[in-house]
Amino acid sequence: MAQAANALSEQTSGSDSSMLEKVKPHSELAAAILCGILIAAGWLLGKGDYGAVSVTLFIIAYVIGGFAKAKEGIEDTIANKELNVEMLMILAAVGSAIIGYWTEGAILIFIFAMSGALETYTMNKSHKEISSLMELQPEEALLIKNGMEEKVHVSALSIGDRILVKPGERVPSDGRIARGHTTIDEAAITGEAVPVAKNIGEEVFAGTVNLTGSMTVEITKPNSDTLFQKIIELVQSAQSQKSPSQQFIERFEGAYVKIVLAVVFLMMFIPHYLLGWSWTETFYRAMILLVVASPCALVASIMPATLSAISNGARHGILFKGGVHLENLSNLKAIAFDKTGTLTKGKPEVTDILVLPGLSVEEVMLKAASIESHSNHPLAGAVVKYVKQTLNVEILSPESIEDVPGWGVRAHFPDESWKIGKAGFIDVEKADVFAEGAALKLAGEGKTIVFIEKNGEIAALIALKDIVRSETKKAINLLKAQGIHTVMLTGDSSKTARAIAAESHVDQYVAECLPETKVEQVKQLQQEFGTIAMVGDGINDAPALAAANVGIAMGEGTDIALETADVVLMKNDLPRIAEAISLSRKMNSIIKQNIIFSILVIMILISSNFLQFLDLPFGVIGHEGSTILVILNSLRLLRS
């Protein structure tokens with residue numbers, strides 16, 4: 001816990017830092033807007049006899065609009081010992097002012113300031129915090145020592161210690177049950193919708209919830225090495241890795257700035273000596289070069305297109321946390337899906353009811369629901385919900401109820417003795433032959449079987465299943481049509497996984513996955529296919545979401561899944577994944593068009609400047625015109 005706390009502390013450097021991060025995007029945007037207003041005022045005043053006032057407004061616009069980027073550029077230059085695009089843009093704006101073109105220089109500042117503000121706002125969306133995950137692991141445990149109970153911090157637990165975990169409490173640390181029987185909700189670790197019965201000698205994991213009976217747990221791992229702790233570490237490790245695209249952009253930026261500045265420097269001297277230009281003409285051409293070589297159009301080739309695509313996605317219920325994730329979607333070759341809550345609804349539902357001939361289905365189900373209404377087990381809740389929706393009757397009150405942890409429940413009505421639970425709780429031999437062995441067939445379909453016994457005889461069986469979402473098949477088929485391989489990763493058994501995979505139409509499935517297994521499977525898929533995505537909704541999916549090239553979370557998923565993912569489906573609409581991929585492909589196509597166009601314009605302007613065909617006003621028109629054109633081309637993504 002201490003290690004995770006330290007890691008969390010490093011990521012979030014206190015409340016003051018967090019507040020600054022929240023304020024920063026708004027202050028940058030406000031500065032950019034104010035800069036634009038000052039430019040417009042300066043331009044209008046410059047038309048009259050207010051030249052001095054106009055220049056003053058331009059200078060203020062320079063300072064307000066350019067401060068953030070100039071500060072960022074200087075700090076990065078000092079830190080990385082390398083010039084960057086921010087510095088080049090500032091120099092280009094200053095160069096325009098030096099030769100008297102204040103408006104053009106201020107517009108350069110404004111465009112870059114607005115781009116920076118929007119970029120900061122967008123990138124803040126992709127910050128991945130693990131604080132909500134940390135809160136799920138208890139900080140204290142009830143240590144049993146010399147027959148006495150003592151509350152201690154989980155960091156004080158050692159291997160071999162015994163702790164008491166009561167019903168409704170989370171397990172503080174990994175261990176083995178030494179005493180007691182219970183049912184554990186392991187959704188935080190395995191993602192399984194159905195809680196698991198646990199007996200003496202079986203393992204329990206930190207962060208899981210003890211639902212029914214009290215149990216004594218013997219600690220088997222130090223707190224720093226629990227499965228829950230590994231989830232935190234896996235998320236942190238995956239998030240610290242830079243994407244290849246980001247690394248390429250950083251290398252390109254440094255090289256581009258060096259080349260432009262080197263050429264501008266040479267341009268200030270060489271033409272005077274080799275071509276006989278005057279010093280005034282030489283400096284004038286060097287400043288034009290600095291303006292037309294500024295990468296405004298090149299920068300605008302990507303950011304407006306990205307923001308337009310992000311806005312388009314948001315309008316259709318797809319939240320992208322950054323342009324790089326949207327870009328990566330077009331390169332996907334495979335997608336891994338979590339089962340529970342992603343391909344399926346995440347809640348068990350009654351699918352089949354088989355009642356012994358001669359008995360009333362309504363009576364058996366009413367009695368079953370009346371008994372199960374006293375349980376907090378998800379299967380019990382599904383039975384009660386089904387009866388309330390279908391029979392529309394009042395639930396009865398049994399004379400007595402006895403919960404048998406891990407097996408089922410006993411109850412008594414007047415002159416009737418009832419039992420509800422698994423086959424081993426009723427009678428395995430009778431259960432196997434009931435309804436001509438229907439239980440085996442239903443289990444093969446991935447369903448969970450609950451038996452009902454009345455006065456010593458099996459009266460009925462109820463089959464429940466985590467239902468596949470209605471849109472799952474459509475979503476998978478759309479992805480297959482785009483040439484994408486689909487894989488289901490689940491903590492369920494092979495039998496259940498096989499049934500759900502067949503129903504969902506996925507190409508492949510991997511069963512009995514723990515969070516570590518899912519990460520391993522994601523890495524194997526990356527080796528086999530290259531760029532892959534992971535779709536999930538639970539805490540247990542967080543490491544795999546972070547490890548994948550693109551993590552996609554369901555909007556109704558857990559906080560940590562939403563924070564870790566790169567893309568969020570706000571309405572849990574799986575077919576939107578295929579739509580997001582199509583949007584990504586169109587965005588990348590437009591970005592390529594913009595880049596090719598902007599580079600061609602820059603080359604033409606630079607060539608014309610060397611040949612002395614280009615004056616500064618036309619250079620600015622060509623430069624700004626190309627920027628406007630690529631932005632307009634990018635805005636087409638808003639209508640797609």
- [ ] Check ring pair (Phe, Tyr, Trp, His ring centres under 6.0 Å) between F67 and all other residues, then give those that pass, not counting sequence neighbours.
- [x] none
- [ ] Give, for atom CZ of F110 and atom CD1 of I37, the distance between the pair rounded to the nearest 0.5 Å.
- [x] 9.0 Å
- [ ] Mark yes or no for whether T472, through its side chain, and L343, through its backbone, hold a donor-acceptor pair below 3.5 Å.
- [x] yes
- [ ] Verify the distance criterion only: is there a donor paired with an acceptor across the side chains of E445 and T351 at less than 3.5 Å?
- [x] no
- [ ] For the residue pair T208 and R170, establish whether any side-chain heavy-atom pair is separated by less than 4.5 Å.
- [x] no
Open item on the list: Can you tell me which residue among V196, N210, V171 is in a side-chain contact (heavy atoms from CB on, under 4.5 Å) with V204?
Closed with: V171
Open item on the list: Taking the side chain as everything from C-beta on, heavy atoms only, tell me whether I484 gets closer than 4.5 Å to I581.
Closed with: yes
- [ ] Nearest 0.5 Å please: distance from the CG atom of D174 over to the CD atom of E203.
- [x] 7.5 Å
- [ ] Would you name the heavy atoms of P575 and A475 that are closest together and state the gap between them?
- [x] N-CB, 3.6 Å
Task: Y386/E349 under side chain to side chain contact (heavy atoms under 4.5 Å, CB included): CA gap, chis, key distance, verdict - done: CA-CA 8 Å; Y386 173 83; E349 296 181 10; over 6 Å; no
TODO: Without swapping roles, check the side chain of R469 against the backbone of G341 for a donor-acceptor pair under 3.5 Å.
DONE: yes
Task: Heavy-atom closest contact (V510 atom, Q521 atom, distance) - done: CG2-OE1, 3.6 Å
- [ ] Would you name the heavy atoms of G444 and A499 that are closest together and state the gap between them?
- [x] O-CB, 3.9 Å
Task: Gap between atom CG of L574 and atom OG1 of T342 - 0.5 Å precision - done: 7.5 Å
Task: Step-by-step side chain to side chain contact (heavy atoms under 4.5 Å, CB included) determination, I552 to V568 - done: CA-CA 6 Å; I552 304 174; V568 178; over 6 Å; no
TODO: Please tell me if the side chains of H485 and Q508 come closer than 4.5 Å, counting only heavy atoms from C-beta onward.
DONE: yes
Task: Closest heavy-atom pair and its distance - Y509, R498 - done: OH-NE, 3.4 Å
Task: Closest approach of S504 to I476 (non-hydrogen atoms, all atoms of both residues) - done: O-CG1, 3.4 Å
Task: Approximate separation, where rounding is to 0.5 Å, of L583 CG and N312 CG - done: 5.0 Å
Task: Separation between NZ of K518 and CG of D541, rounded to the nearest 0.5 Å - done: 4.0 Å
TODO: Kindly compute the distance separating CG (L478) from CZ (R576), expressed to the nearest 0.5 Å.
DONE: 11.0 Å
Task: Pair F597-V630, side chain to side chain contact (heavy atoms under 4.5 Å, CB included): steps then yes or no - done: CA-CA 8 Å; F597 174 74; V630 297; 3.6 Å; yes
Task: Partner set under side-chain hydrogen bond (donor to acceptor under 3.5 Å, both in side chains) for T344, not counting sequence neighbours - done: D466
TODO: Spell out, as yes or no, whether a donor-acceptor pair under 3.5 Å connects the side chain of D566 to the backbone of H325.
DONE: no
Open item on the list: In the structure I gave you, are the side-chain heavy atoms of Q482 and S582 within less than 4.5 Å of one another anywhere?
Closed with: yes
Open item on the list: Just so I know, are the side chains of E169 and V209 near enough to count as touching, which here means a heavy-atom distance under 4.5 Å?
Closed with: no
- [ ] Using modelled atom types only, decide if a donor and an acceptor are shared between the side chain of S584 and the backbone of S330 within a distance under 3.5 Å.
- [x] yes
- [ ] With the side chain counted from C-beta on, respond yes when M587 and L326 share a heavy-atom pair under 4.5 Å apart, and no when they do not.
- [x] yes
Task: Minimum heavy-atom distance between F320 and A309, given as atom pair plus value - done: CE1-O, 4.2 Å
- [ ] Classify the side-chain pair N594/S634 by whether it contains a donor and acceptor separated by less than 3.5 Å.
- [x] yes
Task: Under 3.5 Å: donor-acceptor pair, side chain of D338, backbone of V535 - done: no
Open item on the list: Are the side chains of K333 and I532 in contact, using a 4.5 Å heavy-atom criterion?
Closed with: no
TODO: Mind running side chain to side chain contact (heavy atoms under 4.5 Å, CB included) on L211 and I184 for me, showing each step along the way?
DONE: CA-CA 6 Å; L211 294 178; I184 301 285; over 6 Å; no
Task: Side-chain donor-acceptor contact under 3.5 Å, Q526 with N549 - done: yes
Task: The single option from K339, K447, K465, K473 passing salt bridge (Lys or Arg N to Asp or Glu O under 4.0 Å) against E503 - done: K465
Task: Heavy-atom check, side chain of D507 versus side chain of V487, under 4.5 Å - done: no
